[in-house]
Every structure is written in C-alpha cells, then in structure tokens.
Amino acid sequence: MSKNTQDHHRNGAAEAAEAGAAYARAAGERLDEAQASIDRAIEEGRDKIERAARQSTQMVRDNPVLAVAGAVGVGLLLGLAMRKKG
C-alpha cells in the first residue's frame with residue numbers, strides 16, 4: 001500500500017472516530033434531556049396524586065355521611081355485578 005493510501009485511510013479512520021464521538025455526545029445529551037423530562041413528569045404526577053389524596057380526605061372529613069353512602073352504593077353495584085356473572 002502506498003504512503004498516500006495509508007494516509008488517506010488514517011484520515012478516514014480519524015474522521016469516522018470524530019463523527020462517532022460527536023454522535024455519542026449528542027445521544028448522551030438527548031438521553032439526559034429525556035431523563036430530566038421523565039423526572040419532571042414523575043414529580044408532577046406525584047404532586048397531582050398527593051393533591052387528590054388530600055382533597056379526598058378533606059371531602060370525607062367534611063361530608064362523612066355522603067362518603068359512607070357513596071361507599072355503600074359502590075359496594076351494592078359491585079355485589080350485584082358479581083352476583084349476575086357468578
């Protein structure tokens with residue numbers, strides 16, 4: 001192989017290595033962005049669930065009779081649905 005051909009192959013290999021490193025950096029950055037987005041979504045979901053739980057607890061405290069009546073109604077519906085299927 002001639003000197004010129006060897007240099008050409010080395011240059012091509014170096015360029016390919018640089019391109020690979022650039023793609024790896026870009027992929028790493030995108031992965032970091034995706035992880036940050038997932039973390040934000042999880043935190044927002046957790047906040048919404050905690051807020052709903054607090055609201056539910058407060059509703060039951062403010063309206064205990066309504067809460068018990070609702071639970072009895074749901075229990076009756078489930079019981080009737082299970083009886084018909086069984």
Taking distance alone, no hydrogens or angles, what donor-acceptor pairs closer than 3.5 Å link side-chain atoms of residues 34-49 to residues at least two apart or in another chain?
from, atom 1, to, atom 2, distance (Å)
Gln35, NE2, Asp39, OD1, 2.9
Glu43, OE1, Arg46, NH1, 3.0

Tabulate below the donor-acceptor pairs under 3.5 Å that side-chain atoms of residues 12-33 make, not counting sequence neighbours, or state none.
none

Worksheet entry | Fellow cluster residues of Val60, listed by chain then number, with links counted only when side-chain atoms sit under 4.5 Å apart | Met59
Output a table of donor-acceptor pairs, distance under 3.5 Å, between side-chain atoms of residues 61-81 and any protein atom two or more places apart or on a different chain; print 'none' if there are none.
from, atom 1, to, atom 2, distance (Å)
Asp62, OD1, Gln58, NE2, 2.8
Asp62, OD2, Gln58, NE2, 3.4

